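First up is the structure itself, then whatever we jot down about it.
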Amino acid sequence: MVVGSVELEPLVDAVGLLGELDDLYPGFDDWGPYRTLYPELFAGSQWRISCTSYLIRAGGTTVLVDTGVGPAGLWGWTPESEEGLLPALAAAGVAPGEIDVVFLTHLHIDHVGWNADREGELVFPRSRYVAHRDGVAFARESDRPHVPRTIAPVAFDEIGGETELADGVTAFELRGHFPGHMGVRIESGGERAVLIADAAVHPLLLHEPEAVYVSDADPDDCAETRVAVLPEFVDQDVLVVCGHYPGGGIGRVVTREGRVVWEQA
Ligand SMILES: [Zn+2]
């Protein structure tokens with residue numbers, strides 16, 4: 001996929017089941033339309049997600065956005081496929097040593113898994129690891145099991161606000177899902193894409209922005225963020241990218257019969 005002169009390529013690291021939808025979205029039960037719209041996201045009563053990283057090549061700079069779930073067997077979900085990131089990167093013709101910037105939208109396990117390998121050695125030792133300072137501070141203090149392997153060994157380049165990662169590629173804050181949660185805007189040659197990371201982890205949240213997902217750190221902030229940014233996406237000429245959506249997660253947000261839906265591009 002090309003956005004102006006910027007290349008944007010999805011790299012699927014893993015696919016698996018995260019749990020019962022009714023537990024993950026308490027109080028929400030109108031799943032029927034979403035089963036029809038996004039069959040890949042359902043496994044019976046459970047939520048099936050992809051965990052997709054993105055390779056961005058812009059003006060001689062190579063950026064990897066998020067590093068997936070990481071080595072198999074370290075996260076308590078029900079995987080269907082794992083350990084896809086490094087083979088996908090190789091298939092794209094990029095060696096780990098050629099990544100200039102590893103940008104982490106936030107520091108949940110499914111976004112930082114290949115920061116380091118199973119032994120805790122950095123997978124991208126030549127890269128600048130970039131993340132929001134609030135997320136780094138929060139993660140370093142937390143007792144989540146992935147932190148010693150994937151966060152502790154990294155010397156982060158800590159950012160905030162809006163920060164250019166490469167020509168036409170800018171990280172920006174999307175508050176709510178995790179402290180310092182960020183997205184990425186790509187603007188090049190009059191074309192646009194927005195990587196929303198986990199600001200709307202299930203496309204139902206584009207139509208029902210105030211629905212609550214249990215892993216959102218601050219549900220009110222999340223809802224506020226979605227309500228604020230949706231006008232920028234809906235029926236606009238912009239690619240909307242989420243690594244947990246089907247088929248690589250690159251698509252558009254459009255209105256169909258009164259419902260806001262995400263359609264793969
Ligand atoms: Zn996630």
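Every number for a ligand or one of its atoms is a count from 1 in the order of the listing. If you're wondering where the values come from, they're calculated on a predicted model, not measured in any experiment.
- Atom CD1 of Ile99 is separated from atom OG1 of Thr67 by 11.0 Å, given to the nearest 0.5 angstrom.
- Counting only distances under 2.8 Å, and ignoring water, the protein N, O or S atoms around the Zn ion (ligand 1) are Asp110 OD2, His111 NE2, Asp198 OD2, His244 NE2.
- Between His108 and Trp75, the distance from one ring center to the other does not fall under 6.0 angstrom.
- Ring geometry for His106 versus Phe178: interplanar angle of 30 to 60°, hence tilted.
- In this structure, Phe28 and Tyr34 have tilted ring planes: the angle between them lies in the 30° to 60° band.
- For the pair Arg252 and Asp235, the salt-bridge criterion is not met [side-chain N within less than 4.0 Å of a carboxylate O].
- At a threshold of 4.0 Å, the pair Glu98-Arg57 does not count as salt-bridged, since none of the basic side-chain nitrogens sits closer than that to a carboxylate oxygen.
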